[in-house]
Amino acid sequence: MITLQQDNDGFIRMDRHFPKSAPVSIVFTDGSTEVLTGARINKAYDDALADFRAKNHLDAKGFTRIANKRVLDNNKINFVPVSPGMGQ
């Protein structure tokens, strides 16, 4: 089982996908705990990544299509927003 701790801002640290069938336990700041599947937490990661790319005008692969402008190679996220009850 993978155990993650929510920080005070409402995020968990996650920089990669977990196995789909792996149980992931999240300890929230209010003291509650929820067990999710890897597939569910991976979807939250993908949603946060899509939101990040949309806000930064990047395409689906993380590249900008604006000419003559360099984009940093770090076009990924490390923090995913979570909340109690997201597994339901």
Side-chain angles (χ1 to χ4, degrees):
M1 177 176 291
I2 301 167
T3 303
L4 302 172
Q5 176 75 39
Q6 183 185 32
D7 65 10
N8 291 334
D9 296 326
F11 297 94
I12 56 170
R13 184 169 176 82
M14 181 178 170
D15 58 356
R16 61 181 169 81
H17 277 177
F18 294 121
K20 291 181 182 180
S21 62
V24 179
S25 174
I26 300 176
V27 179
F28 296 100
T29 55
D30 64 359
S32 64
T33 303
E34 188 169 340
V35 178
L36 305 169
T37 63
R40 176 63 185 106
I41 202 72
N42 290 343
K43 178 159 177 14
Y45 175 83
D46 292 340
D47 293 344
L49 183 60
D51 185 51
F52 169 79
R53 288 178 176 167
K55 288 180 181 176
N56 289 294
H57 307 291
L58 303 174
D59 67 6
K61 291 187 177 184
F63 297 104
T64 183
R65 299 298 178 197
I66 300 171
N68 298 331
K69 188 173 185 182
R70 184 177 190 294
V71 176
L72 296 176
D73 295 331
N74 192 7
N75 290 339
K76 64 178 192 171
I77 58 172
N78 292 323
F79 297 97
V80 178
V82 293
S83 61
M86 65 184 282
Q88 300 172 352

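- Ile12 and Ile2 fall within the same hydrophobic cluster, defined by Ile, Leu, Val, Met, Phe, Trp and Tyr side-chain heavy atoms under 4.5 Å apart, directly or through other members.
- Remark: Asp51 engages Lys55 in a salt bridge (Lys or Arg N to Asp or Glu O under 4.0 Å) (not counting sequence neighbours).
- Considering every non-hydrogen atom in both Ala48 and Val80, the closest pair reads CB-CG1, 4.5 Å.
- Applying the salt bridge (Lys or Arg N to Asp or Glu O under 4.0 Å) criterion to Asp7, with sequence neighbours excluded, gives no partner residue.
- Under the 4.5 Å side-chain heavy-atom criterion for Ile, Leu, Val, Met, Phe, Trp and Tyr, Phe52 and Tyr45 are members of the same hydrophobic cluster.
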For residues 18-42, dump all side-chain donor-acceptor pairs below 3.5 Å to protein atoms at least two apart in sequence or in another chain.
| residue | atom | partner | partner atom | Å |
| --- | --- | --- | --- | --- |
| Asp30 | OD1 | Ser32 | N | 3.0 |
| Asp30 | OD1 | Ser32 | OG | 2.7 |
| Glu34 | OE1 | Gly85 | N | 2.7 |
| Glu34 | OE2 | Gly87 | N | 2.9 |
| Thr37 | OG1 | Arg40 | N | 3.3 |
| Arg40 | NE | Met86 | O | 2.9 |
| Arg40 | NH2 | Met86 | O | 3.1 |
| Asn42 | OD1 | Phe18 | N | 2.9 |
| Asn42 | ND2 | Phe18 | O | 2.7 |
| Asn42 | ND2 | Gly38 | O | 3.1 |

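- Atom CG of Leu49 and atom CE of Met14 lie 10.5 Å apart (nearest 0.5 Å).
- From Gln6, atom CD reaches atom CZ of Arg13 across 15.5 Å, with rounding to the nearest 0.5 Å.
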